[in-house]
Every structure is written in structure tokens, then in C-alpha cells.
Amino acid sequence: MKKYFLLCAMALMLMASCGNRPEVPSSSIAMQTLPAIFPDYCNVTVPCNIAPLNFMLPAAEFEACVARITMPDGKQQTYGNGVKVQIPEKEWHAMLNAAKGQSLQVEVWGQKQGQWHSFDSFAIHVAPEPIDEYLSYRLIEPTYVAWSYMEIAQRNLTSFEETQIFNNEVTSIDREKGQCINCHSCQNYKTDNMLFHVRLSNGCTVLVNDGKISSVNLKRDNTISAGVYPSWHPTEKLIAFSTNKTRQAFHTQHLNKIEVYDEASDLILYDVATDSVSIVCNDPDLLEVYPTWSPDGQYLYYCKSVPLPEEMRDKDIRTFYPKIQYNLYRRSFDVASHQFGEEELVYDAASNDKSATLPRISPDGKYLLFAEGQYGCFHTRHHDADIVCVPLGEETAERVDMTGLNSDGFADSYPSWSSNGHWIMCGSRRIDEYSRVFISYFHNGKVEKAFMLPQEDPEQNLFLLKCYNRPEFMVEPVTISVDEFQRVFPKK
């Protein structure tokens with residue numbers, strides 16, 4: 001009898017689900033244009049394992065929306081709930097699997113003042129290459145001042161599951177002074193070796209070494225600060241850091257609103273096994289920042305400022321920070337001796353009156369990815385900032401066309417590669433003042449149109465008043481709980 005009732009309940013659920021599917025309008029006015037859906041998923045290329053690309057029509061203009069998705073085999077399904085199109089995860093993944101290496105065709109109808117309007121159909125191309133299953137990021141207000149609550153979170157990219165890695169409420173002991181958590185980093189996209197920083201009250205670096213948690217004070221007598229921007233060596237228990245004296249300035253009228261700059265910065269190497277710090281480079285007159293390893297671990301790439309005119313060197317940096325520009329360099333590295341080679345110029349941005357920051361090397365070692373703007377090393381607030389990609393080892397090679405990823409006149413910064421090298425991600429302010437995650441397909445040296453990180457409710461990207469800061473790909477989730485992390489903090 002129990003089995004009978006269970007089957008009946010399942011049948012009723014199936015009937016209800018089928019009954020809720022909207023019908024395609026029998027007549028409509030052809031608009032002869034693509035629909036203005038949000039997010040814009042028209043003609044994008046997506047991973048074969050991404051979460052559903054739910055979208056909506058503008059609620060101020062339309063009363064209802066219907067979408068019909070056609071698979072390569074001709075099978076069709078319709079969706080629509082008010083002005084939103086939200087697709088069940090299982091159905092979506094079945095469609096992705098059926099269209100792998102091909103495309104889904106999408107038709108959209110919108111109802112306005114009781115009359116249906118039809119739009120030009122568009123494709124969602126399904127790449128055969130998957131994306132890393134997890135993404136980690138810090139959620140923070142855009143002003144970098146209101147930090148009474150912030151968190152480092154992780155998102156399953158194949159679904160809408162988001163969980164917390166850490167938040168700053170559980171260990172903050174000084175509410176007036178506050179606590180900042182930042183700069184999470186993993187070794188080689190995995191989480192058994194990882195870290196994040198805690199600043200101000202109860203400050204330390206929280207380190208995970210082969211799954212074991214500890215807190216470390218990286219400030220040493222010969223360094224200007226504790227470790228700041230980190231990069232794990234891909235195979236060794238070594239972490240390159242910059243050490244920085246970082247300052248902020250806030251504009252009242254300038255378009256960029258916030259400036260973040262360094263009064264001093266050097267590079268260090270931290271040996272996890274011996275808890276020892278050695279100097280990589282510490283030019284007293286120049287600034288070195290944002291280290292990153294090559295995938296084979298044989299080179300350390302980083303940014304370094306160019307020399308300033310003599311008349312500027314003794315002045316307050318706030319009077320000439322727009323003159324500070326960075327080039328990209330690298331040093332060879334010997335794993336056995338932990339010794340670095342001589343400095344090599346990799347990319348001369350200053351010769352084009354530009355500043356290059358945040359270098360990232362593709363997993364195959366063939367491409368250099370970075371953010372570029374007019375000046376400085378913190379482009380997340382600079383409206384002229386774009387993502388640049390150039391082939392490595394080819395002196396005359398042209399830049400990769402990044403039109404598909406970059407926005408026009410908005411800050412695009414903090415780029416990174418997926419572990420298979422087929423997906424490029426960046427943080428972008430093209431929607432509003434909040435930094436959102438955008439992802440582009442990279443194949444044979446070409447970059448396709450970017451798509452915004454999908455959400456279960458497409459309005460979430462407008463209602464969440466937080467920035468996605470320092471987004472990082474991961475191939476697995478962090479399994480250590482918030483409570484486990486907080487137990488290792490120094491007792492004060």
C-alpha cells in the first residue's frame with residue numbers, strides 16, 4: 001500500500017510539473033531583434049557542466065515570458081514563470097549533455113500589455129570542455145570601508161549551491177577596529193593546501209598544510225609587512241608573497257572613486273616546512289607585487305614599477321600616484337636550492353603608457369594573462385582597465401582579441417584560468433558598481449563572448465549588494481568548517 005501511494009504521489013508531481021509548463025503563443029508580433037534578457041546569454045559558449053542559465057525579461061516592460069529550447073535532436077521544452085525563465089537542474093544538464101559540442105537553440109516571447117512579442121532566436125553553444133566545478137570568492141561591500149561583516153564563500157558551478165568557507169564575525173574581538181579577511185589561495189586548484197589572511201583584530205595567516213590547519217605570523221624582522229598577495233608553488237610547499245604597505249584614497253568627483261596604492265612592496269618566499277622566509281627581491285626604490293608561478297614551477301612572474309623621474313622620488317605619493325606604472329617580469333627558480341635567477345622583462349607596458357598587473361600563466365604555459373590600465377596596480381576600480389592576453393615566447397606575436405571578455409568603459413580586472421585552460425574568468429563592474437563574475441571560452445587562441453555567473457534567480461545579481469572579490473577556480477570544495485578554522489586563531 002505504501003508503495004502504491006508513493007507511485008501516486010510521484011505521478012501527481014509529474015502531472016503538476018507538466019501542467020506548469022507554459023505554451024508557446026499562437027500569435028505574436030515579430031520584433032526582429034534579440035531579446036533584452038538579463039543576464040545576456042544570447043549566443044554565448046558555455047561549459048558542458050555549467051549550472052542552468054536562468055534569465056529574465058525586464059519586469060518594467062513585460063508581464064510574462066516564455067522560452068522554448070530546442071536540442072540538436074529536435075526535442076523541445078518550454079519554460080516561463082512570470083518574466084523569468086528558470087530551468088530545473090536535471091533537465092538542464094540532460095540538455096547540455098545532448099548538445100555537447102553543438103548548440104541549444106532558444107526562442108523567447110514576451111507579453112506586453114496583453115500582446116505577445118516574439119524575438120529572434122539565439123544559440124547557446126555547448127563546449128565539450130568542462131569548467132572546474134568550484135569557485136571561491138570574497139563577498140564584500142564595494143566601498144572597502146563597511147566591513148562589519150564579510151565572508152569567503154565557495155560556489156558549485158554545476159549547481160547553485162553556495163557554502164561559506166569563513167566569515168569575520170566568528171573571531172573578531174574588536175568591533176571598533178574590525179577584522180578583514182582576504183586573499184584566499186589554493187595550491188594547484190586543490191584545497192588540501194590553501195590559505196587566507198585575517199587582518200587587524202586577531203590577525204594572522206590561516207594555513208592548511210596537507211589538510212592540517214594552523215595560524216602563522218608571516219611578519220619577520222627583515223620584511224616590511226606580513227605576507228599579502230600569495231601564490232603557491234604548483235608542486236612544492238613554497239608560497240611566494242608580496243609584502244606591502246598599502247594605502248587607500250577616496251575621490252569625491254573622479255570616475256574611479258577609490259585608489260589603492262602601495263608606499264612600499266617587496267617579494268618573499270615562505271617555506272611551509274621550515275616556517276622560514278627568504279627575500280626574493282626588495283629594490284628600495286621600486287615596487288614589486290603580485291607574484292605568480294608558471295605551471296611547471298620553473299619561473300616566478302611578478303609586477304614591478306618603473307623608475308620615477310628624480311623630482312618625484314621624495315614627494316608624497318598621493319601627489320603623483322597616477323604616474324606609477326608597472327611592467328611584468330620573471331625570475332627562473334631552482335627547486336633543489338630554492339635560488340632565483342636574474343630578472344627578465346616579460347612585458348613592457350610602460351612603453352605604451354600603460355600599467356600591467358595580476359599576471360597569470362595558462363596551464364599549458366603558452367599564454368600570459370593580466371589586467372592592464374593607465375596606471376597603478378589595483379585596477380578593480382579603474383574604468384579603463386581591461387584583460388590582456390599575449391602568447392609567451394613570441395616577440396612579434398599579436399595580442400589575443402579579448403573583445404569577447406572585456407567591457408567598454410568599465411573596470412575588468414582579476415583574471416584567472418581554469419585548470420584545463422579553456423575558461424577565463426574575471427571580475428567586472430559592467431552591470432553596476434558591484435564586481436560580478438564573467439567567464440569566457442578560450443579555444444585555439446580565441447576568446448568567445450563572456451557570460452555572467454548563472455544564478456537560480458536571475459535577479460540575485462541585482463539584489464546581492466556585495467562584490468565578488470578575488471574569484472578563484474577550484475577543482476574541489478573546501479571541506480574544513482568555519483568552526484574548525486576559528487579554533488586555530490591565536491589567543492589574545
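Since we're looking at a predicted model, the values are computed, not measured. Values reported hereafter were calculated over all heavy atoms of this structure, with side chains retained and with hydrogens, waters and symmetry mates removed.
- Ring geometry for Y137 versus Y468: interplanar angle over 60°, hence perpendicular rather than tilted (30 to 60°).
- Counted by atom type alone, D132 and S419 present one or more donor-acceptor pairs between their side chains at under 3.5 Å.
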Practice item. Would you sort out whether K446 and D401 count as a salt bridge (charged side-chain N to carboxylate O under 4.0 Å, His left out), showing the intermediate values? Key: CA-CA 7 Å; K446 295 182 179 181; D401 184 357; over 6 Å; no

Exercise for review: Would you sort out whether Y134 and E161 count as a side-chain hydrogen bond (donor to acceptor under 3.5 Å, both in side chains), showing the intermediate values?
Suggested key: CA-CA 10 Å; Y134 286 88; E161 180 188 16; 4.8 Å; no

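- Donor-acceptor pairing under 3.5 Å is lacking for the side chains of E372 and Y326.
- Sorted by first and then second residue, the side-chain hydrogen bond (donor to acceptor under 3.5 Å, both in side chains) pairs with a member in residues 120-130 read S103-H125, E129-Y441; sequence neighbours excluded.
- Classified by interplanar angle (parallel below 30°, tilted 30° to 60°, perpendicular above 60°), the ring pair Y321/Y261 is parallel.
- Classification of the F442-W417 ring pair by plane angle, with boundaries at 30° and 60°, yields perpendicular.
- With no hydrogens or angles considered, no side-chain donor-acceptor pair links N49 and T158 at under 3.5 Å.
- Side-chain N/O atoms of E89 and S159 include no donor and acceptor closer than 3.5 Å.
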**Study point:** From CA spacing to verdict: side-chain hydrogen bond (donor to acceptor under 3.5 Å, both in side chains), Y414, R360
**Key:** CA-CA 9 Å; Y414 210 83; R360 293 292 185 94; 3.0 Å; yes

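- A donor-acceptor contact closer than 3.5 angstrom links the side chains of Q164 and N167.
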